[in-house]
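A short worksheet on the structure shown next.
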Amino acid sequence: MSHLTESEAPAAAPSTSEDGLPPAVALAFAPLHKRALGIAIGVAIGLSFFLVTVMALLNPPEQGVGFSLLSQYFAGYEVSWTGALVGFFWGFVIGFVGGWFVAFCRNLVIAFSIFMIRAKSELSQTRDFLDHI
């Protein structure tokens, strides 16, 4: 019975997932979490609307930039401190819906692509089998 140290032990094969993929490839094709992406993009866009409104309040531009036009799209928005909070809310809602939809579409495209690749692979294996009969 020999005792090998770690430096003398044979190199282990790279670990693979249950599908036989290397971890880096499995991670690249992993589905996005729709709610997490929606929240992240929602917070980013909401903060953008909030900060733009605050900047317009603190440093009014010489020529009106027209932030008040956002009230045509966002109910309750105005260039004020409460309007900044309303802008954050509407920015979050729009960002969340957009981020969720982007993650949904990306996951759908990846799943369809993987399905097609597997189907073509199985079809090519079947053709080889039938050629040998």
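Because the structure is a prediction, the values reported are computed rather than measured.
- One finds the OG1 atom of T53 at 7.0 Å from the CG atom of L70 (value rounded to the nearest 0.5 Å).
- Across all non-hydrogen atoms, the minimal contact from L37 to G99 is CD2-O, 3.4 Å.
- V79 approaches A56 most closely through the heavy-atom pair CG1-CB, 4.2 Å.
- For the pair P31 and R106, the tightest heavy-atom approach, listed with the atom from each and the gap, is CA-NH1, 3.9 Å.
- When the side chains of ILVMFWY residues are joined at heavy-atom separations under 4.5 Å, either directly or via intervening members, M55 and F50 end up in two distinct hydrophobic clusters.
- Remark: the backbone N or O of A44 is paired with a side-chain donor or acceptor of S48 at under 3.5 angstrom.
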For W100 and F96, run ring pair (Phe, Tyr, Trp, His ring centres under 6.0 Å): C-alpha distance rounded to whole Å, both residues' side-chain angles, the deciding distance at 0.1 Å, then the answer.
CA-CA 6 Å; W100 188 94; F96 180 84; 7.8 Å; no
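- Taking CZ of F29 as the reference point, atom CG of N107 lies at 13.0 Å (rounded to 0.5 Å).
- With a 4.5 Å cut-off on side-chain heavy atoms, F104 and L32 do not count as touching.
- Remark: K34 NZ to C105 SG distance equals 10.5 Å, nearest 0.5 Å.
- Taken to the nearest 0.5 Å, the CG atom of L51 stands 10.5 Å off from the CG atom of L58.
- Considering all non-hydrogen atoms of both residues, Y77 and S71 come closest at O-CB, 3.1 Å.
- Hydrophobic clustering (ILVMFWY, side-chain heavy atoms < 4.5 Å, transitive): W81 and L85 are in one cluster.
- With rounding to the nearest 0.5 angstrom, the CG atom of L47 is 5.0 Å from the CZ atom of F88.
- G95 approaches I41 most closely through the heavy-atom pair O-CG2, 3.5 Å.
- Summarising the geometry of G91 relative to I45, their closest heavy-atom pair is O-CG2, 3.5 Å, with the distance given to 0.1 Å.
- Rounding to the nearest 0.5 Å gives a distance of 11.0 Å between OH of Y73 and CD1 of I94.
- The number of heavy-atom neighbours closer than 6.0 Å to CZ of F74, taken from other residues, nucleotides and ligands shown, is above 12.
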